[in-house]
Amino acid sequence: MRPARALIDLQALRHNYQLARELSAARALAVVKADAYGHGAVRCAQALKDADGFAVACIEEALQLREAGIGGPILLLEGFFEAAELALIDRHGLWCVVHAQWQIDAIEQATVERPLNVWLKLDSGMHRVGFHPDHYQAAYRRLLASGKVAKIVLMSHFSRADELDSSRSDEQLAVFQQAREGLAADVSLRNSPALLGWPSIPSDWSRPGIMLYGATPFEQAHEVAARLRPVMTLESRVISVRDLLAGEPVGYGACFTSERASRVGVVAMGYADGYPRHAPTGTPVLIDGQPSRIIGRVSMDMLTVDLSDLPAAGLGSRVEFWGSGVLASDVAIAAGTIPYQLFCNVRRVPLVYSEG
């Protein structure tokens, strides 16, 4: 059996959720969209069965959780895409973000058996989705007047909360506070970077995402983020060893040439498994617990690592690509991406769950 796999530590997942609750001193929706950032939405939601609720991108993801027996609150972060989805939202008791006038029109015209729980989104400056501040209070009043809504949570999303030296989050908060002035409703503003790095931002509901999976959203060291525990360990084994003379090229494109006599390990891991193709020579790995590096270009199914300074390593040696020994954030920086994308791109390899 091919040795590539992703180990998922569910106890670490629960630890990270409890940290989010501790930091927010409020209720927290565990964000399990995109198959729990590649960690398996159903198993992660089951492991977090005592969470205040869950957040997903769309109704397909919500129904997958309902079919698996997840009965708690589930919020649709992108809302609904067509009015016909309101019948499913009503039937399955889903919570729903509303970010556009046409969605309010649809709610007003819908027949629902029970009033909806709506999260009303403000565009406070990210300029993706959400109501303009000038239209926010009117949208709130229309929803209340519709008779179809039981509760409204006021929400927005920060565009630069992962930049701790940026004033943008404070600017967006000021826009939000002005737009919601006089509205008596719960507020949801804090996602992972806001939970970790912006403790003064008010939020009755938080929305931890990347921090649940043990990765920091920041590029610099951060004291609170250092308390997170990695949930996924991506690993495989050396399947072949090559002894090379100095000056020998390795892999496609000959983008690495051995500087000295070298031992090269070929590992069953590639970009078809989700490891980033653009990870350059020097990207860190652990080989049997010892630090080493990627060399040469990552292929679809294989890549090469440097065994030259690890005489005990060889055929069958375990290689950790990210986890507790090699942080996904460090791999992401080396590869010019972010840990969110690393996790979401994991595919083909089996997910193996444990309680840590």
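Model, not experiment: these values are computed from the prediction. One is the number of the first residue; the rest follow in order along the sequence.
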Engineer: Is there a side-chain contact between Val231 and Leu212 (heavy atoms, below 4.5 Å)?
Structural biologist: no
Engineer: Just checking, is any N or O donor in the side chain of Thr233 or Glu320 under 3.5 Å from an acceptor N or O on the other one?
Structural biologist: no
Engineer: Same cluster or not: Val266 versus Leu286, using hydrophobic residues (I, L, V, M, F, W, Y) connected whenever any side-chain heavy atoms lie under 4.5 Å apart?
Structural biologist: no
Engineer: Mark yes or no for whether Ser124, through its side chain, and Phe176, through its backbone, hold a donor-acceptor pair below 3.5 Å.
Structural biologist: no
Engineer: Donor-acceptor pairs under 3.5 Å, side chain of residues 327-347 to any protein atom, not counting sequence neighbours: which ones?
Structural biologist:
from   : atom 1 : to     : atom 2 : distance (Å)
Thr337 : OG1    : Gln341 : OE1    : 2.3
Arg347 : NH1    : Asn345 : O      : 3.4

Engineer: Within the distance-only criterion (no hydrogens, no angle test), does the side chain of His92 pair as donor or acceptor with the backbone N or O of Leu94 below 3.5 angstrom?
Structural biologist: no
Engineer: In the structure I gave you, are the side-chain heavy atoms of Met211 and Leu195 within less than 4.5 Å of one another anywhere?
Structural biologist: yes
Engineer: Would you say Met302 has more than 12 foreign heavy atoms packed within less than 6.0 Å of its CE?
Structural biologist: no
Engineer: Is there a donor-acceptor contact under 3.5 Å from the side chain of Ser156 to the main chain of Leu122?
Structural biologist: yes
Engineer: Distance-only, no hydrogens or angles: does the Asn191 side chain make a donor-acceptor pair with backbone N or O of Ala194 under 3.5 Å?
Structural biologist: yes
Engineer: Would a 4.5 Å heavy-atom cut-off, applied to side chains only, mark Leu116 and Leu86 as touching?
Structural biologist: yes
Engineer: Under 4.5 Å between any side-chain heavy atoms of Val250 and Arg242, yes or no?
Structural biologist: no
Engineer: Check the side chains of Arg142 and Gln101 for a donor-acceptor pair under 3.5 angstrom, ignoring hydrogens and angles.
Structural biologist: yes
Engineer: Taking C-beta and beyond as the side chain, do Phe80 and Ile59 meet within less than 4.5 Å on heavy atoms?
Structural biologist: no
Engineer: Only one of Asp306, Val305, Leu310 forms a side chain to side chain contact (heavy atoms under 4.5 Å, CB included) with Ser308, so which one is it?
Structural biologist: Asp306
Engineer: Do Arg207 and Ser188 touch side chain to side chain, with heavy atoms closer than 4.5 Å?
Structural biologist: yes
Engineer: Look at the side chain of Gln137 and the backbone N and O of Glu181, then say whether any donor-acceptor pair between them is shorter than 3.5 Å.
Structural biologist: yes
Engineer: Would you mind listing every ring-ring contact (aromatic ring centres under 6.0 Å, His included) that reaches into residues 189-245, with sequence neighbours excluded?
Structural biologist: Tyr37-Tyr213, His39-Tyr213, Trp95-Trp205, Trp119-Trp205, Phe218-His222
Engineer: Does the side chain of Asp123 reach to within under 4.5 Å of the side chain of His132, using non-hydrogen atoms?
Structural biologist: no
Engineer: For the backbone of Ile294 and the side chain of Thr283, can you confirm whether one donor and one acceptor N or O come within less than 3.5 Å of each other?
Structural biologist: no
Engineer: Go through the side-chain N and O atoms of His99 and Arg128 and say whether any donor and acceptor fall under 3.5 Å apart.
Structural biologist: no
